[in-house]
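A short worksheet on the structure shown next.
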Amino acid sequence: MKKTQKETNPFPYSDSNKRYYTMDYFMRQKFGKKACKIPIDGGFSCPNRDGTKGFGGCIFCSPSGSGEFTGSGCNISLQISQGAEMMRKKWPDALLIPYFQSFTNTYAPLSVLKEKYSEALSHPLSNGLCIATRPDCITSEIADYLRFLSQENFIMVELGLQTSSDKTAKLINRCHTTDEFIRGYNLLQGVFTCIHIINGLPGETHEDMMQTARFCASLRPDAIKIHMLYIAEGTPVAELYKQNRLNILSRDEYVQTVCDQLEILPMSTVIERVTGDAPGNTLLAPSWSKKKLEVHNEIDKLLFRRDSFQGIHCSL
């Protein structure tokens, strides 16, 4: 008799071949159907660009604030409507969640945040909010407001860490420390929080990337988002790449690292992503990152070959 998916996959939070807790599975369990994010530009800036914390931004951040897939030149409601039209072509019945992606989306007075978040939440197609930001741009009053919104809405804060190494953070011009990250993260207790990390940062070894994963695991976050370092034209890191001063991970190295990280993360932590969307025609490296589905498949295959899954080596 042919075995069922559950009989062949030992990971409990899955109804497919995925041996980790995907965001898709989480959303379908929460909402009863697929949900996807609509990237939007809220018109925010960043303290790492305007001189408050630094200039130039993180060395990997594009001129658009890493918001290549957002709308532009129009108001928030119109961006949501336009994004919804595109999403519905692929997923006609999916629930839609506006995603404030570009730059730092809590970097404004609370009155401004209330106005922008309210506009997004009041859109008839909105089913919550996702808000990308920095940990040093979370204040007590902002955290309180996000908790208030979370009482009646699905609110997810995507909090950028990138690395737990202060040495690397200084090298990439992150302009906040791990201690500052912990303070911002702790302020968000009671708000669904996703930690964003990047593999392949300049100078980092496999052990450095594993230490970042161990640090994240110790916090037991609601979710984590794992990306590869993209080298995009127009960013400071592109100059390092052109000078041959970067060691770019191969696809196999990246896949092995992600699987190693998944094995030590808590089973209950949702994995929002295991790779990202390469930034279009501006991408210089790695070329393999353009084939996202292949990266996903290689991660699935390696976990299967190892007879492994998320959290198998988590000691927390």
Side-chain angles (χ1 to χ4, degrees), residues 20 48 54 56-69 101-102 132 134 158 160-176 178 194-216 224-265 271-303 305-306:
Y20 54 93
N48 200 11
C58 301
I59 66 172
F60 52 78
C61 193
S62 70
S64 65
S66 293
E68 282 74 19
F69 301 100
Q101 183 182 33
S102 303
R134 292 167 55 96
E158 188 178 291
L161 171 64
Q162 321 314 353
T163 175
S164 63
S165 166
D166 284 344
K167 178 181 177 181
T168 303
K170 185 175 181 179
L171 179 64
I172 64 175
N173 198 41
R174 186 66 187 160
C175 293
H176 71 70
T178 304
C194 175
I195 300 177
H196 188 296
I197 66 172
I198 297 177
N199 288 328
L201 290 170
E204 290 219 322
T205 64
H206 180 265
E207 175 55 29
D208 292 325
M209 292 177 259
M210 291 303 295
Q211 182 53 40
T212 294
R214 283 190 285 268
F215 171 78
C216 292
I224 188 166
K225 187 175 188 177
I226 305 173
H227 265 207
M228 171 62 191
L229 174 67
Y230 294 129
I231 312 301
E233 194 68 76
T235 62
V237 76
E239 298 308 310
L240 295 178
Y241 173 73
K242 292 174 182 178
Q243 297 166 16
N244 294 316
R245 294 169 59 189
L246 287 178
N247 178 33
I248 304 298
L249 295 179
S250 68
R251 188 186 70 178
D252 288 348
E253 289 172 325
Y254 181 78
V255 167
Q256 177 180 322
T257 298
V258 170
C259 290
D260 291 346
Q261 291 172 325
L262 290 173
E263 289 176 343
I264 64 172
L265 291 170
I271 309 300
E272 184 183 353
R273 282 181 178 265
V274 290
T275 187
D277 295 301
N281 296 328
T282 65
L283 182 73
L284 299 177
S287 58
W288 54 259
S289 66
K290 293 181 179 180
K291 299 179 179 179
K292 186 170 70 171
L293 182 59
E294 289 185 7
V295 179
H296 282 197
N297 289 341
E298 291 303 313
I299 290 170
D300 295 339
K301 288 190 287 188
L302 182 54
L303 288 174
R305 289 198 301 271
R306 290 181 178 183

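Owing to the predicted nature of the structure, the values given are computational and were not obtained by experimental measurement.
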With side chain to side chain contact (heavy atoms under 4.5 Å, CB included) as the criterion, how do T282 and Y230 come out once you've worked through the C-alpha distance, each side chain's angles and the decisive distance to 0.1 Å?
CA-CA 10 Å; T282 65; Y230 294 129; over 6 Å; no

Q261 side chain to N199 side chain, donor-acceptor N/O pair below 3.5 angstrom
yes

Nearest 0.5 Å please: distance from the OG1 atom of T275 over to the NE2 atom of H227.
6.5 Å

Salt-bridge test for E233 and K242: reply yes if a basic N is under 4.0 Å from a carboxylate O, no otherwise.
yes

Can any side-chain N or O of E253 pair as donor or acceptor with the backbone N or O of S250 at less than 3.5 Å?
yes

NE2/H196 to NZ/K225 distance, rounded to the nearest 0.5 angstrom?
5.0 Å

Considering only heavy atoms from C-beta outward, does the side chain of I59 approach that of P202 to under 4.5 Å?
yes

Ion pair R306/D260, N-O distance below 4.0 Å
yes

Walk me through it: do D166 and T178 pass the test side chain to side chain donor-acceptor pair (under 3.5 Å)?
CA-CA 6 Å; D166 284 344; T178 304; 2.9 Å; yes

Could you grab the distance from atom CD1 of I197 to atom CZ of R273, nearest 0.5 Å is fine?
14.0 Å

So which heavy atom on G200 is nearest to which on L229, and how close?
O-CD2, 3.2 Å

Write out all pairs satisfying ring-ring contact (aromatic ring centres under 6.0 Å, His included) with one or both partners inside residues 238-261, taking only residues at least two apart or from two chains.
Y254-W288

What distance do I172 atom CD1 and Q162 atom CD have between them, rounded to the nearest 0.5 Å?
6.0 Å

May I ask you to say whether R245 pairs ionically with E239, meaning some side-chain N is under 4.0 Å from a carboxylate O?
no

Can you list the steps and then say if T235 with C61 is a side chain to side chain contact (heavy atoms under 4.5 Å, CB included)?
CA-CA 6 Å; T235 62; C61 193; over 6 Å; no

Donor-acceptor pair, side chain of N173 and main chain of G57, under 3.5 angstrom:
yes

Contact summary for G54 and C175, nearest pair of heavy atoms:
CA-SG, 4.1 Å

With heavy-atom distances below 4.5 Å as the criterion, would you say the side chains of E272 and E158 are in contact?
yes

Does a donor on one side chain sit under 3.5 Å from an acceptor on the other, for Q211 and S165?
no

Smallest heavy-atom separation, G160 atom then R174 atom, equals O-NH2, 3.2 Å

Step by step, work out the side chain to side chain contact (heavy atoms under 4.5 Å, CB included) result for I299 and L262.
CA-CA 10 Å; I299 290 170; L262 290 173; 4.2 Å; yes

Closest heavy-atom pair, I198 versus M228, reported as atoms and distance to 0.1 Å, is CG2-C, 3.9 Å

Correct closest heavy-atom pair for G276 and K292 would be O-CD, 3.3 Å

Sequence neighbours left out, what passes side chain to side chain donor-acceptor pair (under 3.5 Å) with K291? Give chain and number order.
none

CG-CD distance between L303 and E298, expressed to the nearest 0.5 angstrom:
11.5 Å

Let me confirm one number: the OG-CD1 distance from S287 to I231, rounded to the nearest 0.5 Å.
12.0 Å

Please lay out, stage by stage, how R134 and N48 fare under the test side chain to side chain contact (heavy atoms under 4.5 Å, CB included).
CA-CA 10 Å; R134 292 167 55 96; N48 200 11; 3.8 Å; yes

Could you tell me whether a side-chain N or O of D208 sits under 3.5 Å from a main-chain N or O of T205, the two making a donor and an acceptor?
yes

Heavy-atom closest contact (L284 atom, A238 atom, distance):
CD1-CB, 3.8 Å

Is there side-chain contact between M209 and L249, with at least one heavy-atom pair below 4.5 Å?
yes

